[in-house]
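What follows is a short report on a single structure.
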There are 2 protein chains.
Amino acid sequence: MEKEYNSEEEFLKDYDVSKYDRPSVTSDICLFSVSSEGQNNYRKLSKKYFSVLLVKRKNYPFKDKWCLPGGFIRMNETSEEAARRVLADETNLHNVFLEQLYTFDSIDRDPRCRVLSITYMGLVDKNKLDDSLFPNASWFNITSLEDDNSYHVTLDNGNETIKFVVGKTLKEKTTDRFKFEVLDNKSIAFDHPKAIISGMERLKHKISYTDIVFNMIGEYFTLGELQQVYEVILGKKLLDPAFRRIIAGKVVKTDKMQTGGGHRPSVLFKYKDEKEL
Amino acid sequence: MEKEYNSEEEFLKDYDVSKYDRPSVTSDICLFSVSSEGQNNYRKLSKKYFSVLLVKRKNYPFKDKWCLPGGFIRMNETSEEAARRVLADETNLHNVFLEQLYTFDSIDRDPRCRVLSITYMGLVDKNKLDDSLFPNASWFNITSLEDDNSYHVTLDNGNETIKFVVGKTLKEKTTDRFKFEVLDNKSIAFDHPKAIISGMERLKHKISYTDIVFNMIGEYFTLGELQQVYEVILGKKLLDPAFRRIIAGKVVKTDKMQTGGGHRPSVLFKYKDEKEL
DNA sequence: TGAATAGTGTCTGTGAGACAATATTAT
DNA sequence: ATAATATTGTCTCACAGACACTATTCA
């Protein structure tokens, strides 16, 4: 039989959370960037790779496996604040673009106890920040082979190559949401392969109707570089004229030029943050 | 100083969740539908309204205010399972379309303690289910006036009219995500006005590139009815030929006709769940 | 000079916006 | 007959895909 209360104050004074069982909650970040790899041919542009930041776990569970940066949220911070704190602590990255991605909540996703993960997608310009990264964190280049039912992903950070396979099934015939399932994974902790795939899909989708891509490049860039970024994220080649038409309204030409390659120099552009008049 | 462990088993045996402070977690559902209102003119179609399901709170906090159906998640169920359980318990609705919307986590959103809300967007065909609804739940027709900075929303269930105002600011210039802020609200519990707005935006957006709208109508429908559904969700009139072109690939003509209105009868269509060959 | 990227021109087909026109019913 | 919805036809404009062409640099 429940006690009767006559006011909210009275009720709140009596309320005791500890009587109820509660899950733990972490905030994890799927941080993406695009990295350039040096070229031996002086004429060619440096090849670009889509990459994700992973952290080596120092403690149990999943000790010595790679995982997304993340940690338990504190009672006096939001999950986004927790994400920013964790990024600063584990990787030394500050002021990154973050957007809430998904809350993962499978019952057995953590062997310790019931843990929910509020996962964020983050985007940064890797080149600005590379040297300041803490040693336990590492950027992995992503190669993803996709078919209708699965993703075969290879991650490479220069020293180590990781592979995993994630299956996908449409949740309902009327929607675009997938149920992801980890089919093969030996090197990544928790259900983080799912988070990586979700993040990749989110980014692929949003790159076409928002300007989030500009969080992944420097202030000045050539249209060729920008196009490369789109191409590695979308996983396909784009036609130059079409790309330039699409991007035209989002960028502003500057009077700077980029020279030095064995080819025609190119104009440096900036992101046009004002909406056109 | 932390104890050293030599295996995951050993670590897990020692792990004691209760040492750590944890938030509580609820699962809430922003359930939408489209309702028809009878017409006095025998010629005219019944007017359609976009509507949301609210529940009157029986207990503190926010006793007697309206809120989204929801409740605390249990340790042996996912948030989606919790959402389905709660919908069955509070409203007597089963087998509804659900999709995870957002996790709301402002620190003071619940006066009892720190409570996160994993919020789902749900879609149903109201007409099929109307009579079975529990009495504490009620459908409210939504009228929303929007400008660049705010939503002025009026909710009406026939007996009661509720108003609230939610402000919006773009989170980052590169994205489409808004920070919502409740500017005026006397009748709705928690931060649920934000969830309602988020759900409306999500639905508006996804209606154009998925088939989720078919969760909101019956098996057989006329194209005029379907167009009305799009119109109330998008909040604008559509041109008939354009609408028919867009929808053509998603529906199949049946040999049934709808007659009875003072006008040309119309063909009844079905959702085409197979992709075209 | 040649390989490579930068940048532009233009044709074509698709598809949305706009508006007009015809069809059919119940009162 | 008339008001209302159902359905189709068609013109135009915007834009993406495709391909060709020119421009410019440095070893």
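In what follows, chains carry the letters A, B, and so on, assigned in the order in which the sequence lines appear, proteins first and then strands, with residues in each chain numbered from 1.
- Between Glu225(A) and His263(B), it is Glu225(A) whose nearest contact on DNA chain C lies nearer the 5' terminus.
- Side-chain contact check for Asp28(A) and Thr119(A): no donor-acceptor pair (N or O, by modelled atom type) lies under 3.5 Å.
- Along DNA chain D, read 5' to 3', the first and last nucleotides having any atom under 4.0 Å from a heavy atom of chain B are dT2(D) to dT10(D).
- Under the 6.0 Å distance and 45° angle rule, Lys168(B) counts as a cation-pi partner of Phe178(B).
- Gln228(B) and Tyr49(B) are not linked by any side-chain donor-acceptor pair at a separation below 3.5 angstrom, with hydrogens and angles left out of the test.
- Under 3.5 Å, the side chains of Asp176(A) and Thr210(B) contain no donor-acceptor pair of N or O atoms.
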Acceptor/donor pairs from residues 251-268 of chain B side chains to any protein atom, 3.5 angstrom cut, sequence neighbours excluded:
from	atom 1	to	atom 2	distance (Å)
Thr254(B)	OG1	Lys256(B)	N	3.2
Thr254(B)	OG1	Leu268(B)	O	2.5
His263(B)	NE2	Arg43(B)	O	3.4

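- Along DNA chain D, the nucleotide closest to Gly261(A) and the one closest to Lys236(A) are compared, and the more 5′ of them pairs with Lys236(A).
- Residues Thr175(B) and Asp211(A) bring no donor and acceptor atom of their side chains to less than 3.5 Å of each other.
- Aromatic ring orientation, Phe243(B) versus Tyr230(B): perpendicular (interplanar angle above 60°, classes split at 30° and 60°).
- Extent of DNA chain C lying under 4.0 Å from chain B heavy atoms, first and last nucleotide in 5' to 3' order, is dA16(C) to dT27(C).
- The residue Asp240(B) sits close to a base: some heavy atom pair falls under 4.0 Å.
- We find that Glu219(A) and Lys270(A) are joined by a salt bridge, their nearest charged nitrogen and carboxylate oxygen being less than 4.0 Å apart.
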